[in-house]
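A short write-up of the structure that comes next.
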Amino acid sequence: MTEPAVGTTADERHRGVVMTGPEGDEGVKAFSILIEARPDTTEQVRTMLADILRCVQDEPATGPWYAVQHGPTTFAIFEVFPDIAGRRAHVEGGGGDIFRDVERMNAILAVPAHVQKVDVLMSKQVFTAPQV
């Protein structure tokens with residue numbers, strides 16, 4: 001399980017999401033998002049991930065998108081964009097709206113989702129998991 005954000009415990013309200021990392025120079029960008037579910041809400045987190053996937057299907061600047069599960073209550077999203085503008089457009093879209101729903105995030109997440117801005121240095125894409 002991830003540690004609660006500074007000044008936050010699983011029993012307190014939180015702001016839903018914390019974003020870290022610099023914008024960086026132009027080039028391929030990504031978000032690496034760590035999500036810690038409350039122990040009794042893992043199915044709701046899976047539903048949230050499916051909701052986000054439905055949103056990104058219509059985003060032309062969202063490329064490879066993965067939702068993964070690290071452990072019983074720990075999930076993550078890794079999503080790639082061709083550039084900074086594509087990443088910003090994604091934040092302003094439906095997936096961003098889901099994370100901005102603070103009531104929903106407080107109901108299902110133990111701590112704020114940690115969205116880290118990252119640069120993609122290299123990649124190899126051969127296959128992906130089935131889409132929901």
Side-chain angles (χ1 to χ4, degrees):
M1 182 172 152
T2 60
E3 292 298 315
V6 175
T8 305
T9 69
D11 295 326
E12 295 176 349
R13 288 188 48 78
H14 56 74
R15 57 184 166 164
V17 65
V18 173
M19 188 176 299
T20 61
E23 284 293 305
D25 296 328
E26 273 304 329
V28 179
K29 300 297 178 188
F31 281 136
S32 179
I33 305 170
L34 190 59
I35 300 165
E36 186 64 37
R38 293 181 183 275
D40 58 342
T41 64
T42 57
E43 285 307 312
Q44 290 97 318
V45 169
R46 286 174 176 268
T47 298
M48 177 193 71
L49 294 171
D51 292 345
I52 295 169
L53 176 58
R54 280 189 286 283
C55 291
V56 302
Q57 298 290 16
D58 295 327
E59 293 178 357
T62 299
W65 187 96
Y66 301 93
V68 298
Q69 187 165 1
H70 291 274
T73 59
T74 306
F75 298 83
I77 298 172
F78 188 77
E79 50 197 2
V80 181
F81 313 95
D83 51 27
I84 293 171
R87 188 168 63 188
R88 286 182 185 152
H90 171 68
V91 168
E92 295 168 7
D97 289 342
I98 290 170
F99 278 111
R100 283 186 287 275
D101 183 348
V102 176
E103 291 303 316
R104 182 182 189 185
M105 296 301 100
N106 271 275
I108 65 175
L109 302 185
V111 295
H114 181 190
V115 178
Q116 187 169 18
K117 298 175 190 174
V118 297
D119 295 331
V120 175
L121 301 178
M122 295 167 240
S123 67
K124 175 185 176 186
Q125 187 170 345
V126 179
F127 59 89
T128 60
Q131 304 213 359
V132 177

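Heads up: numbering here begins at 1 and tracks the sequence. Owing to the predicted nature of the structure, the values given are computational and were not obtained by experimental measurement.
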Return yes if some donor-acceptor pair links the side-chain N/O of R15 with the main-chain N/O of V102 below 3.5 Å, else return no.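 No; zero donor-acceptor contacts below 3.5 Å.
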Atom [atom1] of [X] and atom [atom2] of [Y]: how far apart are they, to the nearest 0.5 Å?
| X | Y | atom1 | atom2 | answer |
| --- | --- | --- | --- | --- |
| E26 | D119 | CD | CG | 10.0 Å |
| K117 | E23 | NZ | CD | 4.0 Å |
| M48 | I35 | CE | CD1 | 4.0 Å |
| L109 | F99 | CG | CZ | 7.5 Å |
| H114 | M19 | NE2 | CE | 9.5 Å |
| L49 | I33 | CG | CD1 | 9.5 Å |

Could you give all pairs that pass the side chain to side chain donor-acceptor pair (under 3.5 Å) test and reach residues 92-106, with sequence neighbours left out?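 Found R13-E103, D51-R104, D97-R100.
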Report yes if the side chains of Q57 and L53 come closer than 4.5 Å at any heavy-atom pair, otherwise no.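 SC-SC contact between Q57 and L53 confirmed.
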Distance-only check: which donor-acceptor pairs under 3.5 Å involve side-chain atoms of residues 76-86, not counting sequence neighbours?
| residue | atom | partner | partner atom | Å |
| --- | --- | --- | --- | --- |
| E79 | OE1 | W65 | NE1 | 2.8 |
| E79 | OE1 | H90 | NE2 | 3.2 |
| E79 | OE2 | H90 | NE2 | 3.0 |
| D83 | OD1 | A85 | N | 3.4 |
| D83 | OD1 | G86 | N | 2.7 |

Hey, mind stepping through R38 and T73 against side-chain contact (heavy atoms from CB on, under 4.5 Å) and telling me if it holds? CA-CA 7 Å; R38 293 181 183 275; T73 59; over 6 Å; no
Would you indicate whether D40, at its atom CG, is surrounded by more than 12 heavy atoms from other residues, nucleotides or ligands within a distance under 6.0 Å?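 Yes, the 6.0 Å shell around CG holds more than 12 heavy atoms from other groups.
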